[in-house]
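To start, the structure under review is shown below, and the notes come after it.
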Amino acid sequence: ANQIDVAGRLARVELNMRFLARGSQLVNVARAQQKHLQISKKQRFAHLDTAVWTLGNVRTLLEKYPADSFVKSKKFSLKGVGGFRLAYGPNGDVSSAPGKASLWITGPCSLTWQVSLDVDGQVPVELSSMDPDEDNKVGRRDRWSKPYPGAKSVVITVKLLQLASEVESTSEGDSGDGSASSDGDGSDDSGNGSAAT
């Protein structure tokens, strides 16, 4: 009777172990699916060429950021390239015209990029990393109207228009002017010595 009781207990332990192993497999499968969904979500946004930054409570924004003070976005990616960041001065720079806001963007230094910036649906402005100021940012001091204090939000849209990497020639036939040539006439299609990536 003692051996039957032990055998029965062993059978139940074995059954419980199989049940637990099966449950563990289900948990591992669920974790793998969740991780895949997280990666898929990142990949889904990696190809986007547009980012939208919404700033709420405009009255507080105007009070908190006087002239020459900026609220900065988190770093973000455009077309899978990271390192972009916006800086918005709702009351403009010290040298801005009255009633104007300032908007600046920085991006990866290793690439040449061109973007379009738009504030609250106003006519967008195109900017290039080839024309940075002393702080390696591009933007405008007084291109956009200062937001209305009663507005619910300020919506800033940035769209990547072009992305290129500098081409460095290392061939013996290098003319030394830094331009890339594909047809023998010393010029490239863009006229600026860079190639699209």
### Task
Kindly determine whether Glu63 and Asn57 satisfy side-chain contact (heavy atoms from CB on, under 4.5 Å), including the steps that lead there.
CA-CA 10 Å; Glu63 291 170 2; Asn57 199 345; over 6 Å; no

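Note that CG of Leu55 is 4.5 Å distant from CH2 of Trp53, once rounded to the nearest 0.5 Å. Separating the CG atom in Asn91 from the NZ atom in Lys64 is a distance of 13.5 Å, to the nearest 0.5 Å. With values rounded to the nearest 0.5 angstrom, Asp49 atom CG is found 8.0 Å from Leu161 atom CG. If you take NZ on Lys137 and CD1 on Ile105, they are separated by 13.0 Å, rounding to the nearest 0.5 Å. Taking NZ of Lys100 as the reference point, atom CZ of Arg140 lies at 13.0 Å (rounded to 0.5 Å). Distance check: Thr50 OG1 to Lys79 NZ gives 9.0 Å after rounding to the nearest 0.5 Å.
Heavy atoms of other residues, nucleotides or ligands lying less than 6.0 angstrom from NZ of Lys159 number 12 at most.
For the pair Val158/Ile156, no side-chain contact is recorded, criterion being any heavy-atom separation below 4.5 Å from C-beta on. Side-chain contact between Leu117 and Leu86 is present, with heavy atoms from C-beta onward closer than 4.5 Å. The closest side-chain heavy-atom distance from Trp144 to Asp120 is not below 4.5 Å.
Shortest non-hydrogen contact noted between Asp131 and Val138 is O-CG1, 3.4 Å. Closest non-hydrogen pair, Pro90 versus Leu62, comes out as CB-CD2, 3.7 Å. A pairwise comparison of heavy atoms in Ser116 and Pro124 identifies OG-CB, 3.3 Å as the closest pair. Across all their heavy atoms, Ser145 and Ala101 have their closest contact at O-CB, 3.9 Å.
Taking a 4.5 Å side-chain heavy-atom cut-off between Ile, Leu, Val, Met, Phe, Trp and Tyr, the cluster of Phe70 extends to Trp104.
When atom types are taken as modelled, the side chain of Asp93 and the backbone of Ser96 share no donor-acceptor pair closer than 3.5 angstrom. Listed for the Arg141 side chain is no donor-acceptor partner under 3.5 Å among the backbone atoms of Ser102. Side-chain atoms of Ser128 do not come within 3.5 Å of backbone N or O of Gln114 as any donor-acceptor pair.
Residues that satisfy the salt bridge (Lys or Arg N to Asp or Glu O under 4.0 Å) test with Asp142, not counting sequence neighbours, are absent from this structure. A search for ring-ring contact (aromatic ring centres under 6.0 Å, His included) contacts involving Trp113 returns Phe84, not counting sequence neighbours.
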